[in-house]
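For ligands, and for the atoms within them, numbers begin at 1 and follow the listed sequence. Here the structure is a predicted model, which means the values were calculated and not measured.
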Amino acid sequence: MEHVASKAIEDHWDVEEIRNEFPLLKNTMHGKPLVFLDSAASSQKPRVVIDAISQYYSSQHANVHRGVYALSANATDLFEAAREATRAFIHAQYDHEIVFTRGTTESINLVAHSFGQKHLNQGDEVIISAMEHHSNIVPWQMACEANGAKLKIIPLLDDGTIRIEDVRDLISNRTKFISLVHISNALGTINPIQEVIDLAHHHDIPVMIDGAQAVPHLPINVVELDVDFYAFSGHKMYGPTGIGVLYGKEKWLEDLPPYQGGGEMIKKVTFEKTTYNELPFKFEAGTPNIAGTIGLKAAIDFLGDLPSTSIEQHETSLLEYGTSLLKELPGLHLIGTAPNKAGVLSFIIDGLHPYDIGTLLDHQGIAVRTGHHCTEPIMDRFGIAGTVRASLGLYNTHEELDQLASAVSKAINMLK
Ligand code: 7TS
């Protein structure tokens, strides 16, 4: 890895060196070299992540926080080292502000459930935006329903952005919480989260940011942002599936009731009363995904060896190039044209169904996602059933975008 990092810095971005670290990218699909353009759904994994998990199961596995024996103590050290690496990755103040979850979805459910239970009452309001992933809609709907609160929606403009004035207009003296996506998975829009956090705090309203699509693309500093909660998934940032993170400010994690009950999260259990463990264990009931945290740390170390400005530069360059190619194609409309955008190219083509285009692209070795991308309200807003979405990762190349454009062009000719 040291070699990859220094080479990447030297050459700014040696994408071939980086691709060599990802075994799956050597696959073929339908006899064609794989062009993987679905990293927003889940990114591929570098060898260091695969090896870390394999080594853990081969020689280091035992349950954590339990055994007095050396193997268990060592597994605990590895698990807690992953927490420390995660803290450093997002520049949180304390390790105990990092709660391991199954992913972004579980992180949001935890906050919606626990915050709702303690702080939402009849007539209160929660604000989200019209560009949320279902996982930042449904848990809040459930929390509102359970506690008699209402969901208010920040509207979406034609280019796929939101306006801070609209957030200001929605805030009332009943607003108890704002939950907003950092980067939209369907549109690529990078939201003005700092402005929203500052505005919300001016009204003493806590904010949660869904960072699932942001952490693989941008450096995150939760202290600078002053965000109350920040959620993300390991599998979109080159780590394993089944592991995710909830960052919460100490004062909020102390304040909220536990989400799930069971082992690990308790201090003392009797049939009359249970007292809860300290942070972060209060929110980590049951045996955790130990291997997942170890893979996550390997992914963090992998990203840490690469200059994050170069990740951004490379992906921005790909996005601009891909946008310019696709815009030339007849009948193609990009959905999501925000000035501040990350690696998502979502599009529709007049008269063609996204699924048919996706299928033809698949036959040419190109993996894209089609459909509503778990953001049905966005599709409703634009009056469409779905899009074709090419999403970019740090391993994608300009040549792959040439292949995408030519394959889409071929598909248009075949289907028309
Ligand atoms: N929030 C955003 C913005 C997402 O893009 C996703 C997953 C989630 C939350 C949920 O993350 P999970 O890891 O808990 O599932 N997005 C996508 C996608 O765009 N295609 O497949 C999954």
Just heavy atoms, cut-off under 4.0 Å: does [X] contact ligand 1 by side chain, backbone, both, or neither?
| X | answer |
| --- | --- |
| Thr104 | both |
| Asp210 | side chain |
| Ala41 | both |

Taking every non-hydrogen atom, the tightest pair across Leu318 and Leu401: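 Minimum heavy-atom contact is O-CD1, 3.2 Å.
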
Scanning both residues in full, the closest heavy-atom pair of Gln364 with Ala407 reads OE1-CB, 3.4 Å

Nearest protein heavy-atom contact for [atom]: which residue, which atom, what distance?
| atom | result |
| --- | --- |
| atom 20 (N) of ligand 1 | Arg369 NH1, 2.4 Å |
| atom 9 (C) of ligand 1 | Ser135 OG, 3.1 Å |
| atom 5 (O) of ligand 1 | Gln213 NE2, 2.7 Å |
| atom 14 (O) of ligand 1 | Thr105 OG1, 2.6 Å |

Which value, rounded to the nearest 0.5 Å, describes the distance between Arg389 atom CZ and His372 atom NE2? 11.5 Å

May I ask you to list the atoms of ligand 1 that are less than 4.0 angstrom from any heavy atom of [X]?
| X | value |
| --- | --- |
| Ser233 | 11 (O), 12 (P), 13 (O), 14 (O) |
| Ala212 | 1 (N), 2 (C), 4 (C), 9 (C) |
| Ala40 | 17 (C), 18 (C), 19 (O) |
| Val181 | 3 (C) |

Is the number of heavy atoms from other residues, nucleotides or ligands under 6.0 Å of Glu80 CD greater than 12? yes

Does [X] have a heavy atom less than 4.0 Å from any atom of ligand 1?
| X | result |
| --- | --- |
| Arg102 | no |
| Glu132 | no |
| Cys374 | no |

Assert yes or no for the condition that the ring centre distance of [X] to [Y] is strictly below 6.0 Å.
| X | Y | value |
| --- | --- | --- |
| Tyr395 | Tyr238 | yes |
| Phe79 | Phe100 | yes |
| Phe177 | His119 | no |

Parallel, tilted or perpendicular: which fits the ring planes of [X] and [Y], with parallel below 30° and perpendicular above 60°?
| X | Y | answer |
| --- | --- | --- |
| His353 | Tyr355 | perpendicular |
| His398 | His314 | perpendicular |
| Tyr56 | His61 | perpendicular |

For atom 17 (C) of ligand 1, which candidate among Lys236, His134, His372, His373 holds the nearest heavy atom? Lys236

Residue selection (non-hydrogen contact nearest atom 8 (C) of ligand 1) among His182, His133, Met131: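 Selected option, by shortest heavy-atom distance: His133.
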
